[in-house]
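To keep things clear, I will list the structure first and then write my remarks on it.
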Amino acid sequence: MREPERIIRMKTVQSRTGLSRSTIYRKIAEGTFPPRIKISINGAGWHESEISRWVADPVGWRPKGQFDEL
């Protein structure tokens, strides 16, 4: 059985990427950083795997499904 996807919060994303909060939000708006997912009324986070993909290739990162091979 596969492990459930971990959700990580802003402080963890900042430490893993080295980006500031404002830079993360700007990159989300530009479409060059994974978007946040809502986890509760006041809470949001990111899929850990998406942040790992971004860290591995920040310039080439695209949302899953976009430009994927068939």
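What you are looking at is a predicted structure, and each value in this text was computed from that prediction instead of being measured. All residue numbers in this chain count up from 1 along the given sequence.
With contacts defined as side-chain heavy-atom distances shorter than 4.5 Å, the pair Trp54/Val13 does not qualify. Residues Phe33 and Ile51 meet the side-chain proximity criterion, which asks for heavy atoms closer than 4.5 Å.
In the hydrophobic cluster analysis, where Ile, Leu, Val, Met, Phe, Trp and Tyr join through side-chain heavy atoms closer than 4.5 angstrom, Tyr25 is grouped together with Trp61.
Listed here is the closest heavy atom pair of Pro58 and Val55: CD-O, 3.6 Å. In this structure, Arg9 and Ala44 approach most closely via the heavy-atom pair NE-O, 3.0 Å.
Atom CD1 in Ile8 sits 10.5 Å away from atom CE in Met10 (nearest 0.5 Å). Ile28 contributes atom CD1, which lies 11.0 Å from atom OG1 of Thr23 (distance to the nearest 0.5 angstrom).
Residues in residues 39-48 take part in these side-chain hydrogen bond (donor to acceptor under 3.5 Å, both in side chains) pairs, two or more places apart or across chains: Arg6-Glu48, Arg16-Glu48. For residues 27-44, the salt bridge (charged side-chain N to carboxylate O under 4.0 Å, His left out) pairs, not counting sequence neighbours, are Arg26-Glu30.
For Arg53, the salt bridge (charged side-chain N to carboxylate O under 4.0 Å, His left out) partners two or more places apart in sequence, or in a different chain, are Glu50.
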